[in-house]
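Each remark here refers to the structure printed beneath this line.
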Amino acid sequence: MSDLLANLNTEQLQAVTLPPQHALILAGAGSGKTRVLTTRIAWLVQSGQADPAGILAVTFTNKAAKEMLARLSTMLPVSPRGMWIGTFHGLANRLLRAHHRDAGLPQLFQILDSADQLAAIKRLLKTLNVDDEKFPPRELQHFINGQKEAGNRPHAVEAWDDYTRQRVQLYQEYEAQCQRESVVDFAELLLRSYELLERNEPLRCHYQRRFRHILVDEFQDTNRLQYRWLKLFADEGREGGGALFCVGDDDQSIYRFRGAEVGNMRDFEREFRVANVIRLEQNYRSHSNILDAANAIIRHNSNRLGKNLWTDQGAGEPIRIFEAYSDGDEARWIVDEIQQLVRDGALRSEIALLYRSNAQSRVLEHQLFSAGIAYRVYGGLRFFERQEIKHALAYLRLIANADDDTAFARVVNFPTRGIGARSLEVLQDAARTYNTSLYATVPHLTGKPGTSLAQFVRLVEDLRRDTAGLPLPELVDHVLDASGLRAHYKAEKEGRERLENLDELINAAANFLAEAQAQRAPDEALPTHALLADFLAHASLEAGEHQADQGADAVQLMTVHSAKGLEFNAVFLSGLEEGLFPHENSTLESDGLEEERRLMYVAVTRARERLYLSFAQSRMLHGQTRYNLRSRFLEEVPAGLTKWLTPPKPRSAAGGEFGAMRGGAGGGYLKPLFAAQTPRAPRPSFAQLPNGLRIGQAVSHAKFGQGVIVAAEGSGNDAKVQINFGPAGVKWLLLSVAKLEAA
DNA sequence: GACCAAAGATATTTC
DNA sequence: ATCTTTGGTC
């Protein structure tokens with residue numbers, strides 16, 4: 001036990017050993033948040049204050065849940081198995097499986113991921129003959145999820161206008177469709193399990209008595225429904241219930257777009273009259289230059305709960321800043337720098353390349369690939385989201401639950417078996433008439449479309465029969481063959497990688513089976529199709545955190561969002577340009593800029609020793625070259641903490657003089673702007689610009705302020721230039737009229 | 001109904 | 001740039 005508490009600082013120790021009352025731990029980046037959480041659990045169990053079965057711990061990512069489990073098993077002599085540790089969605093799923101009858105669901109209900117949900121909505125609109133231009137599926141999806149996260153069933157939505165009333169109508173239809181098909185989307189997992197406990201008092205009391213300690217990680221990212229969900233288990237003064245131990249950092253709240261409410265922290269403090277608020281302010285991760293920069297940046301935000309991070313690790317190295325001509329130059333420079341770091345003995349896996357949006361990874365990947373540096377990209381298209389995997393899963397889903405229309409529609413004609421759009425339309429109409437799933441409707445059909453459909457139904461039934469006794473991996477293997485998927489991809493020219501992925505799916509099934517067996521008594525039988533349902537839930541909830549080459553020493557690429565909670569010796573943060581980071585869309589939302597700044601704060605605090613910030617004068621985005629000012633966040637880093645690797649210029653001067661090579665050696669990757677244009681698509685006939693004006697040139701205008709020339713046309717008196725004035729907008733100006741000054 | 005080509009829409013972050 | 005939808009042809 002003394003081992004457990006050794007090396008904790010005063011505040012950490014205080015937090016870990018708090019009496020079983022509600023507590024809010026405001027934990028800054030790198031302050032040992034996860035450590036406090038896990039140590040608390042271990043301490044509660046070890047000191048006999050809590051039974052493992054009395055612990056409910058909630059995280060946001062599967063990664064975090066796994067790490068917590070791993071740490072606990074090294075801290076505790078007993079296995080942490082009796083505890084409920086997982087993500088909100090994972091735990092909700094567990095509740096619904098255990099009480100599926102009370103929740104009004106069949107045991108083998110399926111989970112729709114966002115893409116499945118979108119497909120289901122599109123299908124719904126089609127069946128109802130609703131104009132999808134008037135009701136864009138994505139927008140409708142957002143609306144439905146938003147309502148669910150607010151805890152609203154259709155009847156509870158306040159609709160003041162026709163448009164909303166119609167959307168509510170569609171929401172209702174969507175629900176009916178899901179119920180008919182026995183499928184549940186992400187938000188539904190939470191809402192359904194919330195309603196289950198809220199309405200079923202005996203059940204609620206059971207869990208309230210059981211979970212004496214509810215521990216929540218990343219509390220600042222909870223949405224309204226998740227907070228209410230937690231409250232169900234907690235003692236709010238009247239009835240019995242567990243103690244809520246919430247750990248969070250309001251400065252790292254970066255998921256507002258998905259409904260996160262930082263306000264939950266204040267509400268929690270107030271509603272539960274939390275007496276124990278502890279601040280963890282000592283940072284053990286970063287050198288003080290990095291930390292000071294982060295503090296300076298976040299200080300520009302208002303409405304913070306307030307805290308001041310410090311470290312005793314010394315200043316460390318200055319933050320390196322690099323200005324590139326183009327995104328390609330930026331990537332080349334990053335790769336050069338990485339090679340230098342590796343030569344100096346750095347581990348590749350301790351180097352992270354962070355960016356604001358996934359699309360930015362392409363250029364970086366390209367350069368890493370050419371340089372032969374091992375790298376690994378997180379996020380983007382994940383394993384279980386790949387087309388071929390989704391197809392395979394759809395067959396598996398039909399085995400587990402034939403009423404899953406999303407799965408049915410996905411593979412009924414894939415590989416093609418002569419069932420086209422027309423036949424499906426007939427089938428959907430009939431399904432609507434009989435109020436049955438597509439699958440169950442097939443026998444009702446007569447005539448020509450009936451026969452090929454009936455064959456498909458027979459195929460699924462054969463699959464179900466033939467796989468009944470098989471172990472999970474063999475079941476998957478059989479389905480890949482019998483469905484014709486393997487043959488289809490074998491025949492396809494580009495199909496090799498897809499075939500490999502399908503084989504990988506068998507591996508994933510084998511791993512899943514092994515894990516499931518490890519958690520059960522050796523002689524306990526595992527009913528194949530129940531296990532299959534578990535596997536499918538796993539696929540939907542985890543989407544595959546690329547376990548393949550996890551151990552490999554590879555450079556880590558990811559968005560800033562997915563970097564939260566991680567740390568690296570060296571961090572490259574690229575694309576620090578206005579419009580990209582902060583993202584242009586963020587300026588439209590209230591508090592959007594502050595959220596971007598929190599994101600910046602998260603990015604900076606990932607670095608332990610070395611931090612690189614870079615930006616490019618021009619960047620290919622959405623097929624167009626754009627010229628942006630460097631990010632305002634760069635200006636918020638105190639000059640004393642930084643070292644410019646390229647000559648620093650005033651912010652307005654995003655571009656240098658035409659063709660200027662930057663001074664100093666090693667500038668080989670710095671090409672003049674025009675060379676950065678791809679030879680394949682040369683800009684036709686650039687206008688002759690006087691006075692050395694050029695695309696990318698920074699200029700200033702008496703009325704519009706600072707800007708950058710982004711395009712030009714015409715010549716002589718008609719010569720016009722297009723200038724991006726940032727906040728003042730993008731304007732075409734006649735050179736003969738406008739008074740422009742090179743800035 | 002299958003298949004291919006061309007036009008058209010759409011591009012932030014994720015459980 | 002990329003994915004999706006649409007249109008035309010066999």
Side-chain angles (χ1 to χ4, degrees), chain A residues 58-65 86-93 111-115 117-119 122 126 132-133 136-139 142 145 148-149 185-190 218 221-223 225-226 253-260 327 354-363 366 378-382 384-385 387 413-426 448-449 452 492 537 540-545 558-565 575 579-589 592 595-596 598-600 602-603 619-626 678 680-681:
Chain A
V58 195
T59 63
F60 262 85
T61 64
N62 296 295
K63 210 192 272 167
T87 62
F88 277 103
H89 294 93
L91 294 168
N93 177 47
I111 300 169
L112 300 183
D113 68 16
S114 338
Q117 185 187 29
L118 188 62
K122 283 183 183 164
K126 199 155 206 173
D132 59 3
E133 299 208 341
R138 277 176 189 287
E139 201 270 336
H142 185 75
N145 290 338
K148 288 192 183 186
E149 272 157 25
D185 60 50
F186 283 154
E188 184 72 24
L189 280 173
L190 290 168
E218 309 276 16
D221 285 333
T222 49
N223 64 33
L225 182 57
Q226 286 164 334
S253 161
I254 54 174
Y255 283 109
R256 222 170 55 110
F257 69 89
R258 120 188 148 192
D327 46 356
L354 307 185
Y355 34 80
R356 174 64 236 266
S357 61
N358 279 309
Q360 288 168 253
S361 75
R362 290 193 148 276
V363 212
H366 178 71
Y378 289 77
L381 191 59
R382 281 172 294 189
F384 285 111
E385 290 168 0
Q387 185 209 117
N413 198 33
F414 191 95
T416 50
R417 39 177 79 88
I419 301 170
R422 166 105 294 140
S423 313
L424 282 180
E425 236 168 76
V426 173
K448 217 170 73 187
S452 42
E492 201 173 72
S540 298
L541 289 170
E542 299 222 11
E545 311 272 315
M558 64 192 86
T559 63
V560 180
H561 279 94
S562 41
K564 189 158 74 122
L580 196 62
F581 197 0
H583 197 277
E584 53 199 348
N585 295 0
S586 71
T587 51
L588 307 171
E589 302 152 29
E595 174 131 333
E596 294 289 305
R598 291 193 289 269
L599 199 52
M600 179 72 186
V602 168
R619 181 174 297 276
M620 262 304 230
L621 212 60
H622 312 323
Q624 280 184 353
T625 309
R626 308 209 316 185
T678 48
R680 273 174 288 124

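All values derive from a computational prediction rather than experimental measurement. Chain letters run A, B, ... following the sequence lines, proteins first and then strands; every chain starts at 1.
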> What is the per-nucleotide protein-contact pattern of nucleotides 2-11 of chain B, from the 5' end, where B denotes a base atom under 4.0 Å from a protein heavy atom, S denotes such proximity for sugar-phosphate atoms only, and - denotes neither?
Replying inline: SS-------B
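When distances run from any side-chain atom of A/Ser423 to the nucleotides C/dA1, B/dC15, B/dG1, the shortest one goes to B/dG1.
Looking at heavy atoms from C-beta onward, A/Met620 lies in side-chain contact with A/Asp327 at the 4.5 angstrom threshold. Looking at A/Glu218 and A/Thr61, their side chains never come closer than 4.5 Å, going by heavy atoms from C-beta outward.
Contacts of A/Asn358 with the nucleic acid, taken as non-hydrogen atoms under 4.0 Å apart, involve only primed sugar atoms and P, OP1 or OP2. Within 4.0 Å of A/Phe88, counting heavy atoms only, lies no atom of the nucleic acid at all.
Legend: residues meeting side-chain hydrogen bond (donor to acceptor under 3.5 Å, both in side chains) with A/Asn223, ordered by chain and number and at least two apart, are absent.
Between the P atom of B/dT13 and the NZ atom of A/Lys564 lies a distance of 16 Å, rounded to the nearest Å. Atom CD1 in A/Ile254 sits roughly 13 Å away from atom C1' in B/dC15 (whole-Å rounding). Put simply, CD on A/Glu149 is 11 Å from C1' on B/dT14, counting in whole angstrom units. Atom CZ of A/Arg626 is separated from atom P of C/dA1 by 14 Å (rounded to the nearest Å). For A/Glu596 and B/dT12, the CD to P distance is 12 Å, given to the nearest whole Å. If you measure from atom CZ of A/Phe60 to atom C1' of B/dT13, you get 14 Å, rounded to the nearest angstrom.
In the model, A/Ser357 has a side-chain atom that pairs as donor or acceptor with a side-chain atom of A/Gln360 under 3.5 Å.
Under a cut-off of 6.0 angstrom, the local environment of CZ in A/Arg138 is sparse, with at most 12 non-hydrogen atoms contributed by other residues, nucleotides or ligands.
B/dT13 has its base stacked against the ring of A/Phe257, the centroids being under 5.5 angstrom apart at an interplanar angle below 30°.
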Are any protein N/O atoms closer than 3.5 Å to N/O atoms in nucleotides 2-6 of chain C? If there are, list each pair with its distance.
residue : atom : partner  : partner atom : Å
C/dT2   : OP1  : A/Arg362 : NH2          : 3.4

